[in-house]
Each structure stands twice: as structure tokens, then as C-alpha cells.
2 protein chains.
Amino acid sequence: MTLAPSALRPLATDDIRPLADSVYERLVGGIVDGSLPPGGKLSERSIAAALGTSAQPVREALRRLEGEGLVETRPRSGSSVALMDTRRLAEMGRIRAVLEGAAADLAARHATPEDLQRLEQRLDAMRDATEYGDTATLRLANEAFHTALHAIGDNPFLIRGLQALRAYDHIGRARVLASDDQPRQALAEHAAILAAIAARDPEAAERQMRAHTFRSLSVAFPEETRG
Amino acid sequence: MTLAPSALRPLATDDIRPLADSVYERLVGGIVDGSLPPGGKLSERSIAAALGTSAQPVREALRRLEGEGLVETRPRSGSSVALMDTRRLAEMGRIRAVLEGAAADLAARHATPEDLQRLEQRLDAMRDATEYGDTATLRLANEAFHTALHAIGDNPFLIRGLQALRAYDHIGRARVLASDDQPRQALAEHAAILAAIAARDPEAAERQMRAHTFRSLSVAFPEETRG
DNA sequence: CATTCAAAACTGCAATAGCAGATGCCCGGC
DNA sequence: GCCGGGCATCTGCTATTGCAGTTTTGAATG
């Protein structure tokens, strides 16, 4: 731990959620934006001091990150940010694709009319952002679409897993500084996914979602996604 | 917390691993074997007292279980064993199928000759147990095969996720008290998976593994796996 | 200058204590 | 007999403290 990265400035305490959650988000942010570099040591005490908390919430956050593969811990030695080459990033993208597919499958099985309406709204937001060429809000709208879709499945394992995998996506895109991801094609794919869900066709929903996620991945990692 | 279930007898302390890991395994065992019934309250203090530890390791174990969906926590109220109907169990089985498929894909890409040899050994063990009709060791050998396959991918997210999902499989099989799962067919499917991995065919490996896991699931949940 | 070994500094890890919020119980009123 | 409010209890949650194992450092020795 050299000088305190910006991800480790003190934490606002006026929160009702467990501190470990805030610490977790801070650490994820630092790992994603690179201020906590791969291989860098993550000392419970140092982080706690920098964030103005005690060691325990930090410890819980590190455990969670360890379970998600973003942090590696040697039993009595310490934790460090996991080293990730493009192969690992592409791997995580593949896993994300299959989990997104599973989420779409579940959504097609269980979506209520309200759920479908919400997805329509998100899709409209994406369409607007695409027409205006507003890539920042397009990205947010895209994430909102996926998040809403995950919520339909109402499966805690899927929701948490996909949230964790999103970090890898951010890392990958930041590292290869991609890339518009062909917004119009992505829009069309989202529409097709939604249509499959509305048609209560789990098999098609999964297939479309998986292909969409994988194609989006292949924009960032053309090398590792051949075949 | 009424009377202490057998899963909550005191913990042996002569361990070098973090206590939270031991607590986690105990709680998983209790949830799987039903001694910690669905909906039952899980008080940090009570569990800690019963296990002879402090509250902190228990808390970490509960957080992990929460991330895996086995436990539900209301922010300042408390944790309880998640309620799981057959639909949820079948859902988790579907997710397990796609993750097992992803693991097989990775294995086909990265397996070393030593890895293939280890898988061969596990498969032989399964073959022996099948011929002798020894269902107990067959089950262990089956798990050993899958565990070895997961390890090949060397992906912490997959390894941890699949380990967590195994609990759901145990719960499901215990609840429907299935079922020999047609050992010979399972054996043939494992052999086909191994062949695909050895042939470096990720697509086939994933497809075979997914079909295998799903078919195995459909034995326990014929209702929820139609279509 | 390189090596080694011991001590100091640091680390994960667990236990204890205390606080604030949530739960449940009991008692008084309708 | 049923309902509601206040108090006791219990809960999650965080901080503080202390211990044991690890890593690093630095000096003495070859």
C-alpha cells in the first residue's frame, strides 16, 4: 500500500446498510478503475484506516471479493488484487454469457405483465439513447435492461453472480478501451430477447441472450473468442 | 433456536483454516440434512455459543451462505434458512447445468495430459463402483470426477459457484429421495464428456455436460424439467 | 559483496464489549 | 375478548483489543 488511492478516501457514515457493503463497492470500484492495481496488497488494517472503519467490515468485503475471484488470499499472509490476463477476462465473459442465458430462461418462464412492461421501458430508453448517440446513458440503459431482466428470475444466486461478473466486463472494456459495440445491433438483439421472453419461449430467450452477450464480448476480445 | 441441532455441536479447534470455513461447512451440512429447517432463524450469537466460537466467524459464514442463496438476511433483523420449493430447486439445477457446461468448455480448452489422466482415474473408479453396485462410493466417485473437472478450468468463480450449487443438488435428492439415476447411463455420459475434452472440443464438451447434468436433474424433478 | 539468522514490524484471525435498531411480550384500555 | 402502546429483550453490526503466524529488515558473519 503506497499512497492512498482515490478509492480509499474516507467513507460517509450516514448509511443504514452494513458497512461491509460500502467497503465492497469501494474496492470493486478501485479494482475496476485500476487505482487498486492487479497484484497490489490489500491489508485489512490499512484499508480500514483509510476508509475510517474497523477491520471487520473490510474483512467481510475481502472475503466476498475472494469468492468472486477478484481478490486472492493466502491463508495467513494476506490478500491482493487478482492478476487477470485477457484469457481470464474472456473466460469470465463466457461464464457471464451462460449465466445471462440462464437468467433469460428464467425470465421467459416467470415474467409477469409488469415485468414485460418494465423491460419495454428500458428498451425504449436504450432506443432513445442510441438515436441521440448518447453513449453514456446508453450504457446505463443497457445495464438497467439487464438488471431488470435478472430481477425477474428472482434468484439470489444468479443476481449476485451476474452483479459480480459485471466487474469483469468493466475491467475488460477499460483495458481494451473498446468500443461502441455497434449500438444498433445490440438494440436489435435486446428487442429479440424481449420478444422471446414475451413469447414465453425460454429456449429461444436463452439462446438469443447468450449469443448477444458473447457477441458483445467478442468485440472486446476478438482474439480469445474465436471458435 | 430451540434445542441445538446436531449440526451445531461444538467445533474442534485444532484447525489451521479460518474458523469461518468450518462454521460454513457445518451450516451447509445442517441445511442439507434438514436439521436446520427452512425458515428457521439463524442467530449469530446462538450459533456462536453452540459452536463454541465468537460471533465473527459465524457472521462471515452467514454472509457467504447469503451470497449463495441458502440463507436470507433482512438488513437489521436477522438471517434464516432460505425457503426452497421444488421450483427453486429445479432452477438451481438448471443453473448448475449451464455452469457445469462452462466448466467442461474450459476443461476442453486447458486440460493438460495429467488432467486427462486424473479424469480417466475418476472415471475408472466410477466404473468399478457401478459394476459392484456400490452406490455410496459411486456417488463419491461421481463428485470426484466433477470436482477434478472443475479444477482444470482453474477459475475461482466457477469452482466456488459449483461447490455452492452442489448443496442444492443434495437438498433436492434428499427431498425426493431419488433414485439410482441410472448409473450405467451416467457412466456413458461421463465417458462421452471426457472424450470430448480429450478431443479438445469445447463445444461438444459443454453440450454433453449440460445434457448430462440436466438429464440427471430431470430424474429428481420430472415435473419441473419438462420442455 | 553475498548469505544467514534473528528480531522487529506487520498480517490475518478470533474474542470481547458495546451500541443502536428491531422484535416480541405484557399490560392497560376499549 | 381484542387491540394498542411501551418496555424489556434480543438482534445485527461495528469497534477495540490481543494473539499467533508471516514477512521483512538489518546487521553480523563468511
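Proteins get letters first, then strands, A, B, ... in listed order; numbering begins at 1 in each.
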Listed nucleotide nearest any side-chain atom of [X], set [options]:
{"X": "A:R76", "options": "D:dT22, C:dG21, C:dT23", "result": "D:dT22"}
{"X": "A:S54", "options": "C:dA14, D:dT14, D:dG12", "result": "D:dT14"}
{"X": "A:R45", "options": "D:dT22, C:dG12, C:dT16", "result": "C:dG12"}
{"X": "B:S43", "options": "C:dT11, D:dT11, D:dA15", "result": "D:dT11"}

Interatomic distance where [atom1] belongs to [X] and [atom2] belongs to [N] [whole Å]:
{"X": "A:L62", "N": "C:dG12", "atom1": "CG", "atom2": "P", "answer": "8 Å"}
{"X": "A:L42", "N": "C:dG12", "atom1": "CG", "atom2": "P", "answer": "9 Å"}
{"X": "A:I47", "N": "C:dT11", "atom1": "CD1", "atom2": "P", "answer": "10 Å"}
{"X": "A:E60", "N": "D:dA15", "atom1": "CD", "atom2": "P", "answer": "11 Å"}
{"X": "A:E44", "N": "D:dT22", "atom1": "CD", "atom2": "P", "answer": "16 Å"}
{"X": "B:Y24", "N": "C:dA14", "atom1": "OH", "atom2": "C1'", "answer": "21 Å"}
{"X": "A:E66", "N": "C:dG12", "atom1": "CD", "atom2": "C1'", "answer": "12 Å"}
{"X": "B:D21", "N": "C:dA14", "atom1": "CG", "atom2": "C1'", "answer": "14 Å"}

_Looking at C:dA14, I'd like to know if its phosphate oxygens (OP1 or OP2) sit under 4.0 Å from a side-chain N or O belonging to B:R59._
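No, because none of the side-chain N or O atoms of B:R59 sits under 4.0 Å from OP1 or OP2 of C:dA14.
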_Strictly below 4.0 Å: does B:R63 bring a side-chain N or O up to OP1 or OP2 of D:dG12?_
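No, outside the criterion.
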Does this structure show an ion pair linking [X] with [Y], if we count only N-O contacts that are shorter than 4.0 Å?
{"X": "B:D115", "Y": "B:R118", "value": "yes"}
{"X": "B:E60", "Y": "B:R64", "value": "no"}
{"X": "B:E100", "Y": "B:R210", "value": "no"}
{"X": "A:E44", "Y": "A:R59", "value": "yes"}
{"X": "A:R17", "Y": "A:E25", "value": "yes"}

*DNA chain C: 5'-proximal contact among A:Q56 and A:S77 (nearest heavy atom)*: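 Closer to the 5' end of DNA chain C: A:S77.
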*Give one of base, sugar-phosphate or nothing for A:T53, where a contact means two heavy atoms less than 4.0 Å apart.*
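A:T53: backbone/sugar contact only, no base atoms under 4.0 Å.
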